Amino acid sequence: MDKQKLHSINYNESVISINGLYKAFGDLEVLKGIDFNLFKGENVAVLGKSGTGKSVLIKILIGLLKPDKGEVIVLGKNVEELDRKNLDALRLRIGFSFQNSALYDSMDVYQNLAFPLTMNVKNLSRKEVDNAVEEALDAVGIIDKIHEMPSELSGGQRKRIGIARTLILKPEIMLYDEPTSGLDPVTSTEINKLINEVQELYNTSSIIITHDLTCAKNTSNRTAILLDGRFMKVGRFDDVFDTDDAQLKGFFNYNFIQ
Amino acid sequence: MSTLLSKKYVFSKGIDQYFTGIHDAYKFTLLFFKEVTKRPFHFREVVHQSFEVGIKSLALISLTGFIVGIVFTKQSRPSLEDFGATSWLPSLIGIAIVKALGPLVTALICAGKVGSGIGAEIGSMKVTEQIDAMEVSAINPFKYLVVTRVVATTITIPILALYCSFVALYGSYLNVHTEETSSIISFYQNAFKSISFLDIFSALARSVVYGFTIGIVGCYKGYNAIQGTRGVGKAANQAVVLAMFLVFIEEIIIVQIVNWIRFF
């Protein structure tokens, strides 16, 4: 499957622009000068070993962490300069899928999806909320689980519900943190397919944080390799790994491609 | 030298953590007072949390209050009998329970039951990124989780303390009734004869302070939980220990203040 044919990308419109981004935790420097653009309609997979700062990067993009240095422009707004109200307004335009789904344990699937909607959109009728929940669950193909509790769901189902919870607010950008981690190969393939469907259906631009090469290959229009706090190489998946660089080769050989 | 070994502390790791902990708790409490006055108020969640704190603690408070009333009466009777003053028993019990034991026993039970529950629940939400999930959904988690719970404990625990006092007095009455015939109305009248408005007001004021303390400590410990599931257990445990410790400190301070007001 050639991912390039799936979706039209506007390479003139950047939805995320990162310039000279640095982040350290104490003495440990995690990001050491990231420069990157995500274009409208594009899926970019960020690959890297565990602990290289992949999740830190997307947490900075959504304002969960503050950078030490550098500029992060998301949908035309400088994230660090936003006050709480404007940051919340920006966050409504971004969907964040957590590595462990982060579903609210005390709520069933319906309430998990309805919660962000009813908290952010006032004066919705019950019917409108029901419709929005059903539409989001339909998009991830798991509508029959609507009244189940998170503890009753499998890992793959939890991932789908986590994605549905972000889709209910109709985001323009999706940030996926390790969408296939801890899943079996069959479920991983289904999640990869879902990421592509979300891109098509909701016209989103996405950053997919992963160390799963299959996920990167099947979901991304471009792939970026994060090594030693910097993007070592950015490009089409096949081009990125068509290299003689020993570090990249090592990373590539370590992983298994289906 | 490795980065871990070369880490600098002003005094030592423990002392630095102690002072930064106090500073963080202070900032956390200030943030509560800032957020509690701002919209949205999440009334429905406050009612839900009040139900969790109040109704679900009723059975335990009833049982404990009842037993305290019986035991305190049984322990006090022989001493009063020595002086032929058993008729003072209702007054003694009234003063002891309404002024001191009711609020304190309720606070200690709630510190154990409610404080640990809040610490564990919020701690679990923290380590499983549910708080971050709220944040990225443009929901203020501090307002939704912390403010609602602290308001709920501050409102509900004084009501529970009053209820506990009434149940304890009833337990005491039943014990008195087994020894001598007396009506429940005259028992309650005698019990409240020695209690002033200031006593009831100070008991309520103390319960408000205890309620706030239990809520804020539980939330603070939960909100700052780290190290996965181990951190959740630690947060719940620390919430109970710290809340109980602070309740005793507050008891001493408020009693001194009330005595000072009484003096003037």
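Computed from a predicted model, the values in this text were never measured in an experiment.
- For CZ of Phe142(B), the number of neighbouring non-hydrogen atoms (other residues, nucleotides, ligands) closer than 6.0 Å is greater than 12.
- The distance from atom OG of Ser106(A) to atom CD of Glu52(B), rounded to the nearest 0.5 Å, is 9.5 Å.
- For Lys77(A), the NZ atom sits in a loose shell: 12 or fewer heavy atoms of surrounding residues, nucleotides or ligands are nearer than 6.0 Å.
- When each of Lys59(A), Arg91(A), Gln99(A) is scored by its heavy-atom pairs under 4.5 Å with chain B, the top score falls to Arg91(A).
- Contact record, Glu129(B) with Ala102(A): O-CB, 3.5 Å, taken as the closest heavy-atom pair.
- Here Leu103(A) is the residue among Leu175(A), Leu169(A), Leu90(A), Leu103(A) with the most heavy-atom pairs under 4.5 Å with chain B.
- Residue Arg44(B) places its CZ atom among 12 or fewer non-hydrogen atoms of other residues, nucleotides or ligands, all under 6.0 Å distant.
- Interface summary for chain B: among Thr166(A), Ile94(A), Asn100(A), Asn120(A), the most heavy-atom pairs under 4.5 angstrom belong to Asn120(A).
- When all heavy atoms of Glu135(B) and Leu64(A) are compared, the pair lying nearest together is CG-CD2, 3.5 Å.
- Within the 4.5 Å cutoff, no side-chain heavy atoms of Asp132(B) are placed close to those of Phe96(A).
- Counting non-hydrogen atoms of other residues, nucleotides and ligands closer than 6.0 Å to CZ of Phe39(A) gives a total above 12.
- Counting non-hydrogen atoms of neighbouring residues, nucleotides and ligands closer than 6.0 angstrom, the NZ atom of Lys113(B) exceeds 12 such neighbours.
- With values rounded to the nearest 0.5 angstrom, Met125(B) atom CE is found 7.0 Å from Tyr104(A) atom OH.
- At most 12 non-hydrogen atoms from other residues, nucleotides or ligands lie less than 6.0 angstrom from OH of Tyr18(B).
- When the candidates Leu117(A), Leu92(A), Asp105(A) are compared by the number of heavy-atom contacts under 4.5 Å with chain B, Asp105(A) comes out ahead.
- At most 12 non-hydrogen atoms from other residues, nucleotides or ligands lie less than 6.0 angstrom from NZ of Lys13(B).
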